[in-house]
A.B. asks: 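Pasting a structure below so you can have a look.
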Amino acid sequence: MNIHYVKEKELFHLQALNTSYIFRIVNGYPVHLYWGSKLQHDDSLSRLMDYPQQSWIDRLPQEYPQYGSGDFRHPSYQVQLEDGSRVTELVYQSHRITNGKPRLQGLPAVYTESDEEAQTLELELKDPYSGLNVILLYSVFRDHNAITRSVRFEHSGESPVRIVRALSASVDLFDSDYEAFYLAGAWTRECHIQRRAIGPGTTRIESRRGASSHQLNPFMALMRPNTNEDHGEVYSLSLVYSGNYTAEAEVDQYGSTRFSIGLNDFDFSWKLEPGESFQTPEAVMVFSGEGIGGMSRTLHRLYRTRLVRGSYRDRERPILVNNWEATYFNFDAEKIESIAKAGAELGIELFVLDDGWFGKRNDDTTSLGDWVVDKNKLPKGLSDLAERVKRLGLEFGLWVEPEMVSPDSDLYRRNPDWCLHVEGRRRTEARTQLVLDLSRQEVRDYLFESLSEIFTTVPITYVKWDMNRNMTEIGSAEYPAERQAEIAHRYMLGLYELLERLTGRFPQILFESCASGGGRFDPGMLYYMPQTWTSDNTDAIERLKIQYGTSIVYPVSTIGAHISAVPNHQVERITPLTTRGDVAMSGNFGYELDLTRFTDEEKETVKEQVSLYKNIRSLVQQGDLYRLKDPFQGNETAWIFVSEDQAEALVFYFRVLAEPNVSHKRLRLKGLNPEYRYVMQDSEEVLTGDSLMSFGLTVPRLPGDFTSTWFWLKRK
Ligand code: DGJ
């Protein structure tokens, strides 16, 4: 890791673990030159990468392009000045290279634990006419093949400016021979992989929902057409943000590609007074010369170790049972205790009480905002229930949905203007609820106080933080007319502030985020909450695609995966308990059904699953993931988890439908040490790493549909 500056050529060479990123200043503009595999830092670089000084700005490959002076592509930022003009020109002023990585004010970001882990370049650009300073921040990491970028606007002019676009990172790639790769979906169908060629014009994914969304995850990669899981060049951008974003690949008339990511400019503006600053979210840039798998493993390690925080970061996560699909809203203390008791007998470690424990919440039409226990269901209160669960030997966890309010709630009756709304207009309800206005300090204080009261009086070690609708009528009673287009972003800043306070005050609590499943599965939330409920779809076969797709960006330790009942509640499919177990054990494992209804035989299977997972969970949650067979491509899915020292590995193999009259299946493994000899657990067979990767493992005959098996290898 190093950031080099060649003064005579005004060239910057940023080196991360195995990546180089190079730009130089041409006529005052930072001009992009290279992003790819690591290059030696040598004098010849500045000769090789010399750039014609008179180049027309529309052809210049830039780092943070402006609008209004001849570059007709999408700019990285745009501001409106008080005189009505929208033209600015950012010119290089100075730069600073420092060890370490500064925290971003009020925003989640990748962090370092010591200054030796990273270096940061702050490149200061200035528009002399308006007095606007724009600081481009770049950090490179010693141990990660990643570069982070963000931008700080500092206003030293005389009159306010209005920022109407402010992306976090933009790179002008030399050519356009790429395919766009991203994750698209819907509720119960999250993170399905999309791949398509880019061409003249713009390929854009975005969210306009006020959350990062089920529909399009805030991530985009461009890759060479011949790239696959193991080979080829991948350039990826992932945004550490949970609200409206845009990611764009614009191919211009000359065949080069502007690749960028950041806050969505749709319905956004931000008034910056003289003396104020505005910080954009952080973009994480990963180049992989080792295909999609290489990119994923870089993101996994970075996010697992330097995005997720708190004491649970490096700890094995508890096996839980959640009562949502077991009871929905229909439960009482005895029912909950019976499920927890069954869980304790099976070795489960945590009970999570889901929706329905507060107010008069017997369905989803009421009580959000009234975070007071429902004494009809739990006459002796929450603490009593939690203590009873604890006496059974399980930890106690609780569901909350703090960002919302039901119109039928005491909170709403008391404070009807505490929700996002536009005065005089209809307040559109979704799931019979409105969104609280988290841009307001008093709303955040109310939530902090009422949640703190529960978290201090009830012995809780886990919180599932749900969020079940997107924003409409985005407006705030607290802010003046000219600041209404700031509210969606101010909401996110408010949410982050609230989460910072709560996670700081309750470090013993493991937080799991959820937004009707994966509606806000993004790096921003992972900074506060180390794991996410991946999808409300718990069907094992549907989950193959959802978990495979989610693993493109997110580490397995963050991917919540539970065994649920059959017929499955979302698709009514009946799958074997063993297959459901193998899918769920490929993630952050738990159960989501009425354990008391299992037969004795099923209970034995569950006991085996629980005890197996306890033995493999550090490997699954902290190991390296190599994807072996892609559910989007065929009937089989497989993946392998390999320990960092390559001494242990676990393979899961799944086949969706039985196939007649086919030859036996062979599965070539990845990530092992070719020199090592591995013992196959159970069979005691000894096999070499090279043969397992080149020849492969023979998959035994599996009867019927929806089947699976696993292989566990340990170094001899
Ligand atoms: C949506 C979540 O995704 C579910 O797991 C469950 O917690 C419900 N909300 C409860 O309302």
Side-chain angles (χ1 to χ4, degrees), residues 228-231 290-294 296-297 540-541 543-545 547-548 551 556 561 575-587 589 605 608-609 611-613 615-617 619-620 623-716:
N228 62 22
E229 183 63 21
D230 306 306
H231 305 284
E290 292 164 3
I292 304 163
S296 295
R297 282 183 291 282
I541 301 307
R543 275 293 188 124
L544 292 174
K545 286 183 177 159
Q547 290 176 204
Y548 188 99
S551 81
V556 172
T575 51
L577 181 54
T578 47
T579 304
R580 281 178 276 155
D582 291 348
V583 175
M585 281 191 281
S586 301
F589 185 52
T605 306
E608 283 165 23
Q609 289 169 336
S611 102
L612 172 65
Y613 194 71
N615 287 322
I616 60 170
R617 76 177 140 188
L619 182 56
V620 171
D624 281 330
L625 172 74
Y626 292 80
R627 291 175 292 256
L628 305 176
K629 285 200 174 282
D630 179 349
F632 296 94
Q633 303 296 330
N635 198 26
E636 299 162 286
T637 303
W639 39 60
I640 180 171
F641 303 96
V642 183
S643 63
E644 202 174 342
D645 61 4
Q646 296 174 303
E648 197 180 356
L650 181 75
V651 184
F652 281 108
Y653 170 89
F654 309 90
R655 195 197 55 210
V656 176
L657 294 178
E659 296 166 303
N661 199 19
V662 287
S663 65
H664 64 264
K665 303 280 181 189
R666 211 189 283 154
L667 190 60
R668 289 172 69 175
L669 307 188
K670 298 176 192 170
L672 302 177
N673 188 316
E675 315 265 298
Y676 288 0
R677 304 177 79 225
Y678 293 91
V679 191
M680 181 92 81
Q681 303 303 292
D682 289 350
S683 79
E684 299 301 318
E685 206 178 337
V686 179
L687 299 158
T688 58
D690 57 357
S691 64
L692 285 165
M693 292 195 287
S694 298
F695 181 85
L697 267 178
T698 301
V699 180
R701 225 184 78 74
L702 298 169
D705 296 339
F706 316 132
T707 51
S708 66
T709 188
W710 49 267
F711 311 91
W712 191 3
L713 305 161
K714 285 190 183 166
R715 188 184 179 187
K716 191 173 160 55

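Note that the structure is a prediction, hence the values are computed from the model and not measured. Along the sequence shown, residues are numbered consecutively beginning with 1.
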A.B. asks: Looking at CZ of Phe641 and CG of Leu625, how far apart are the two atoms once the value is rounded to the nearest 0.5 Å?
C.D. replies: 5.5 Å

A.B. asks: Measure from the side-chain N and O atoms of Arg655 to the backbone N and O of Asn635, and report whether any donor-acceptor pair falls under 3.5 Å.
C.D. replies: no

A.B. asks: I'd like to know if the side chain of Asp230 and the backbone of Gly291 have a donor-acceptor N/O pair within less than 3.5 Å.
C.D. replies: no

A.B. asks: Would you please name every residue forming a side-chain hydrogen bond (donor to acceptor under 3.5 Å, both in side chains) with Ser551, sequence neighbours left out?
C.D. replies: Arg627

A.B. asks: Do Arg715 and Gln646 have side chains that get closer than 4.5 Å, going by heavy atoms?
C.D. replies: no

A.B. asks: In Å, rounded to the nearest 0.5 Å, how long is the span from CZ of Phe652 to CD of Gln547?
C.D. replies: 10.5 Å

A.B. asks: Quick check: closest heavy atoms across Thr637 and Pro631, and the distance to 0.1 Å?
C.D. replies: OG1-CB, 3.2 Å

A.B. asks: Taking C-beta and beyond as the side chain, do Leu667 and Ile640 meet within less than 4.5 Å on heavy atoms?
C.D. replies: no

A.B. asks: How far does CE of Met585 sit from CG of Leu612, to the nearest 0.5 angstrom?
C.D. replies: 5.0 Å

A.B. asks: For Lys716, does the NZ atom sit with more than 12 other heavy atoms under 6.0 Å from it, leaving out its own atoms?
C.D. replies: no

A.B. asks: What heavy-atom pair brings Tyr548 and Glu229 nearest, and what distance separates the two atoms?
C.D. replies: OH-OE1, 4.0 Å

A.B. asks: Give me the ring orientation class for Phe589 and Tyr613: parallel if the planes are under 30° apart, tilted from 30 to 60°, perpendicular past 60°.
C.D. replies: tilted

A.B. asks: Counting only pairs under 3.5 Å, give me each side-chain donor-acceptor contact of residues 658-665, with atom names and distances, residues two or more places apart or in other chains.
C.D. replies:
residue: Glu659; atom: OE1; partner: Lys665; partner atom: NZ; Å: 3.1

A.B. asks: Between Ala561 and Gly587, what is the shortest heavy-atom contact and its length?
C.D. replies: CB-CA, 4.2 Å

A.B. asks: Treating Gln609 as the side-chain partner and Leu577 as the backbone partner, does any N or O pair qualify as donor plus acceptor under 3.5 Å?
C.D. replies: yes

A.B. asks: Please name the pair of heavy atoms, one in Met680 and one in Leu713, separated by the smallest distance, quoted to 0.1 Å.
C.D. replies: SD-CD2, 3.6 Å

A.B. asks: Just so I know, are the side chains of Ser691 and Tyr678 near enough to count as touching, which here means a heavy-atom distance under 4.5 Å?
C.D. replies: no

A.B. asks: Can you measure from CG (Leu697) to CG (Leu687) and round to the nearest 0.5 angstrom?
C.D. replies: 6.5 Å

A.B. asks: Is there a side-chain contact between Trp639 and Leu544, using heavy atoms and a 4.5 Å cut-off?
C.D. replies: yes

A.B. asks: Are Leu669 and Val642 close enough that some pair of their side-chain heavy atoms sits under 4.5 Å apart?
C.D. replies: no

A.B. asks: With sequence neighbours excluded, tell me which residues meet ring-ring contact (aromatic ring centres under 6.0 Å, His included) with Phe695.
C.D. replies: none

A.B. asks: Checking the side chain of Thr575 only, and the main-chain atoms of Arg580 only, is there a donor and an acceptor separated by less than 3.5 Å?
C.D. replies: no

A.B. asks: With rounding to the nearest 0.5 angstrom, report the OH to CG distance, Tyr676 to Asp690.
C.D. replies: 13.5 Å

A.B. asks: For the side chain of Thr579 and the backbone of Phe706, is there at least one donor-acceptor N/O pair under 3.5 Å apart?
C.D. replies: yes

A.B. asks: Classify the ring geometry between Trp712 and Trp710 as parallel (under 30°), tilted (30 to 60°) or perpendicular (over 60°).
C.D. replies: perpendicular

A.B. asks: Counting heavy atoms not belonging to Glu648, are there more than 12 under 6.0 Å from its CD?
C.D. replies: yes

A.B. asks: Between Arg668 and Ser694, is there a donor-acceptor pair closer than 3.5 Å when you use the side chain of the first and the backbone of the second?
C.D. replies: yes

A.B. asks: Could you state the interatomic distance from OG1 (Thr709) to CG (Asp582), rounded to the nearest 0.5 Å?
C.D. replies: 7.0 Å

